[in-house]
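What follows is a set of notes on a single structure, which appears directly below.
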Amino acid sequence: MKQTINGEWLLGLVLTAATIQTAAADLTTTISPTTNWGTWEGFGVSLAWWAKAFGTRSDLADIFFSTKSTTYNGQSVPGIGLTIARYNAGASSTNSINGTTMVVSPDMIASRQVDSYWLDWASSSPSSSSWSWSVDANQRNMLSMAKARGATTFELFSNSPTWWMCLNHNPSGSNDGSSDNLQSWNYDQHAVYLATIAEYAASNWGVSFQSVEAFNEPVSDWWNGQTGTQEGCHFDVSTQATVIGNLRTELNNRGLSSTLIAASDENTYDLAVSTWNSLGSTATSNVGRINVHGYQYTGGRRDTLYSLASGAGKRLWNSEYGESDATGQSLVTNLLLDFRWLHPTAWVYWQAIDGGGWGLIDGDNDNLSLGAVSQKYFALAQFARHIRPGMRILDGGSNYTVAAYDSSAQKLVVVAANWGAAQYLNFDLSSFSKPGVSGALVPRWITQVGSGSQYASYSDTYMNGTKFWSYFPTGAVQTFEVSNVTL
Ligand SMILES: *[C@@H]1O[C@H](CO)[C@@H](O)[C@H](O)[C@H]1NC(C)=O
Ligand SMILES: *[C@@H]1O[C@H](CO)[C@@H](O)[C@H](O)[C@H]1NC(C)=O
Ligand SMILES: *[C@@H]1O[C@H](CO)[C@@H](O)[C@H](O)[C@H]1NC(C)=O
Ligand SMILES: *[C@@H]1O[C@H](CO)[C@@H](O)[C@H](O)[C@H]1NC(C)=O
């Protein structure tokens with residue numbers, strides 16, 4: 001019998017379960033010290049809409065970008081400590097240019113219109129009156145609060161070129177959604193826009209973007225278009241290749257030759273594979289990192305995309321993930337599959353605050369109401385508070401486990417989930433040259449999807465020889481930290 005909390009109680013529980021024929025067999029997963037799936041760059045979030053809505057709220061910045069506890073809605077919330085922020089370069093403005101104004105989708109959601117810094121085509125000089133650097137103050141404020149709390153890694157991304165660069169002047173997308181909307185004579189202007197913001201941010205905001213992404217789900221045609229609810233733009237792969245080349249040149253021209261180009265933020269793993277295979281060697285040589293979105297959930301060939309990325313010597317991020325499952329079960333399932341098959345070096349949630357189950361905190365970015373912290377928040381905290389930048393990601397040995405190693409602290413982090421009947425999960429560290437110290441405490445944290453605990457911590461689990469184990473109720477996500485480990 002396993003002793004975790006109370007040997008007698010657990011013995012009784014397991015016998016009862018066996019009697020009624022519902023006991024699952026114990027599962028053992030073996031953690032591999034020889035794997036190296038990359039040095040972790042961090043967990044993050046995209047700013048955009050929620051930061052435009054709530055960008056002055058320092059309590060929210062504390063919750064998302066620090067690891068201290070913050071009182072929110074009368075509840076003490078452990079900060080999730082995100083270290084990556086993606087800043088959205090907007091595409092909208094209300095000015096008229098010689099009688100021409102932005103065309104707004106009839107279904108546009110106002111909170112999803114993000115202000116463009118470049119107001120008209122008269123001048124590309126950022127000090128001219130064609131540019132306004134005072135717009136979008138809230139999103140910028142959240143960016144700077146993120147940095148002040150320890151965020152280290154920033155990406156500049158675009159959902160659509162600024163409206164006046166678009167064929168129909170509608171930054172939600174082209175008339176049919178499936179054809180390009182960026183005017184061919186503005187291919188370079190889109191690159192100028194993004195490179196100018198990157199240069200301005202380095203000089204004026206104290207933010208050095210590690211990467212710039214010019215597209216958002218560019219080959220998709222089903223969610224963007226003239227009646228879209230948000231900014232969006234289709235780009236054929238050949239147009240992507242041209243814009244990537246222009247962006248490289250414009251960044252280099254501004255002294256930003258070490259700023260990476262990320263591409264192409266396709267909607268699914270499989271679309272990322274097909275786009276990458278069609279971009280051509282000139283464009284792929286200019287891409288510093290492959291970004292993919294995780295909207296294929298449990299489907300798609302994560303492993304194929306990883307093979308392409310590693311074969312090309314490119315880093316790989318899951319740069320956008322989201323869904324409406326507020327319990328956290330979908331997030332945990334898909335994040336664990338990403339670790340095991342996609343091997344990203346960063347993982348970025350979409351909107352920290354949103355409705356319909358999408359937010360880590362429930363809220364409405366239009367009427368500015370805020371609700372409860374979602375169970376999904378605590379599920380993500382099980383990973384983000386423990387798997388920290390600089391750690392080496394290891395094979396946890398199963399689709400339900402990930403492990404990460406901190407070489408300077410000689411600490412092994414293990415996160416695992418159990419969706420089946422309540423059972424023990426055993427973690428076998430026998431392949432490590434030093435698998436911790438037998439009898440030593442293994443602190444653990446637990447969040448139970450659907451109900452129950454929210455990042456509760458316990459000091460009741462110990463190394464036993466080269467193993468430890470823990471009882472997992474259905475829906476439990478647990479994090480363990482093993483000390484004195486060497487690979
Ligand atoms: C507006 O039109 C005038 C006259 O054609 C032109 O001189 C000016 O450059 C235009 N301004 C912009 C911003 O296009
Ligand atoms: C804001 O919208 C939400 C739905 O998204 C609704 O439940 C709430 O009552 C609204 N609050 C206000 C203050 O209008
Ligand atoms: C683990 O996940 C992969 C990728 O989704 C899948 O092909 C495989 O069947 C899963 N293995 C198990 C045991 O569920
Ligand atoms: C390991 O587990 C066994 C079986 O539960 C127990 O008898 C033994 O005391 C444990 N050893 C340590 C070092 O905890």
Option among F339, W347, F383 that satisfies the ring-ring contact (aromatic ring centres under 6.0 Å, His included) test with W40: F339
When you compare the side chains of N334 and Y295, does any donor N or O come within less than 3.5 Å of an acceptor on the partner? no
Under 4.0 Å between a side-chain nitrogen and a carboxylate oxygen: does that hold for R315 and E41? yes
Can you find a heavy atom in the side chain of N291 that is under 4.5 Å from one in the side chain of E155? yes
Check for me whether the distance between the ring centres of F64 and W50 falls short of 6.0 Å. yes
Compare every heavy atom of V192 with every heavy atom of S124, then report the nearest pair and how far apart it is. CB-CG1, 4.2 Å
D136 to D115 - nearest heavy-atom pair and separation: N-OD2, 3.7 Å
Locate the shortest heavy-atom distance separating G328 from V449; write the atom from each residue and the value. C-CG2, 4.1 Å
Looking at Y405, I'd like to know if the NZ or CZ of R392 sits under 6.0 Å from its six-membered ring centre while staying within 45 degrees of the ring's axis. no
Between S374 and A326, the two heavy atoms sitting closest are OG-O, 2.9 Å
In terms of heavy-atom contacts, L279 and A241 come closest through O-CB, 3.7 Å
Output yes when a side-chain donor or acceptor of R385 lies under 3.5 Å from a complementary backbone atom of T67, and no otherwise. yes
Closest non-hydrogen contact found for Y297 with R302 is O-NH2, 2.8 Å
Between S130 and D120, a side-chain donor and acceptor under 3.5 Å: yes
Does any part of the side chain of I353, heavy atoms only, come nearer than 4.5 Å to the side chain of W49, both counted from C-beta? no
Candidate pair S92 and E231, rule side-chain hydrogen bond (donor to acceptor under 3.5 Å, both in side chains), full reasoning: CA-CA 8 Å; S92 298; E231 295 178 352; 2.7 Å; yes
Report, as yes or no, whether the 6.0 Å neighbourhood of atom CZ on R301 holds more than 12 heavy atoms from other residues, nucleotides or ligands. no
With the threshold set at 4.0 Å, does a side-chain nitrogen-carboxylate oxygen contact exist between K68 and D62? yes
Centres of the Y87 and W205 rings: under 6.0 Å? yes
Out of curiosity, R248 CZ to N252 CG, how far, rounded to the nearest 0.5 Å? 4.5 Å
Y200 and ring-ring contact (aromatic ring centres under 6.0 Å, His included): which partner among W118, W133, Y117, W131? W133
Student check: side-chain heavy atoms of F378 and S453 closer than 4.5 Å: no
Run through V292, N216, D265 and flag the one making a side-chain contact (heavy atoms from CB on, under 4.5 Å) with S319. D265
Residues which pass side-chain contact (heavy atoms from CB on, under 4.5 Å) with A89, listed by chain and number, not counting sequence neighbours: L156, Y193, L194, I197
Is N267 reaching over with its side chain to a backbone N or O of E217, donor-acceptor style, under 3.5 angstrom? no
